[in-house]
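All values reported here derive from a predicted model rather than from experimental measurement.
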Amino acid sequence: MTDKDQVNKLFRQFKNKNVIVELRDNNQAEGKIIAIDNYLNIVLENDNGIETLKGGNIVYISLNE
């Protein structure tokens with residue numbers, strides 16, 4: 001298993017989980033991650049519908065349980 005495969009596996013653990021995403025502009029986004037890629041680009045499903053967040057704008061992701 002390569003390092004890249006390991007990172008992908010860690011990112012995939014967030015899929016279908018409810019999360020809070022802290023963004024660089026001091027805003028937050030909340031919802032369920034329905035897609036995530038190796039660049040940390042994510043697609044959230046929340047009360048407003050579907051929201052796409054670019055990985056470069058994300059400071060951190062935490063589980064919202």
What side-chain donor-acceptor pairs closer than 3.5 Å can you find for residues 51-65, not counting sequence neighbours?
from, atom 1, to, atom 2, distance (Å)
E51, OE1, N46, ND2, 2.9
N64, ND2, E30, OE1, 3.2

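Of the inter-residue distances, the one linking N16 atom CG with I34 atom CD1 reads 8.5 Å to the nearest 0.5 angstrom.
V19 and L40 fall within the same hydrophobic cluster, where Ile, Leu, Val, Met, Phe, Trp and Tyr residues are linked whenever their side-chain heavy atoms come under 4.5 Å apart, directly or through other members. F14 and V43 sit in two unconnected hydrophobic clusters of ILVMFWY residues. Membership requires side-chain heavy atoms under 4.5 Å apart, directly or through other members.
As a member of the Ile/Leu/Val/Met/Phe/Trp/Tyr network built from side-chain separations under 4.5 Å, I20 groups with nothing else and remains a singleton.
Residues passing the side-chain contact (heavy atoms from CB on, under 4.5 Å) test with D25 are L23, N27, sequence neighbours excluded. Here K17 pairs with nothing under the salt bridge (charged side-chain N to carboxylate O under 4.0 Å, His left out) rule; sequence neighbours left out.
Looking at I33 and N18, their side chains never come closer than 4.5 Å, going by heavy atoms from C-beta outward.
For the salt bridge (charged side-chain N to carboxylate O under 4.0 Å, His left out) condition, the pairs that include at least one residue of residues 31-41, sequence neighbours left out, are K32-E45.
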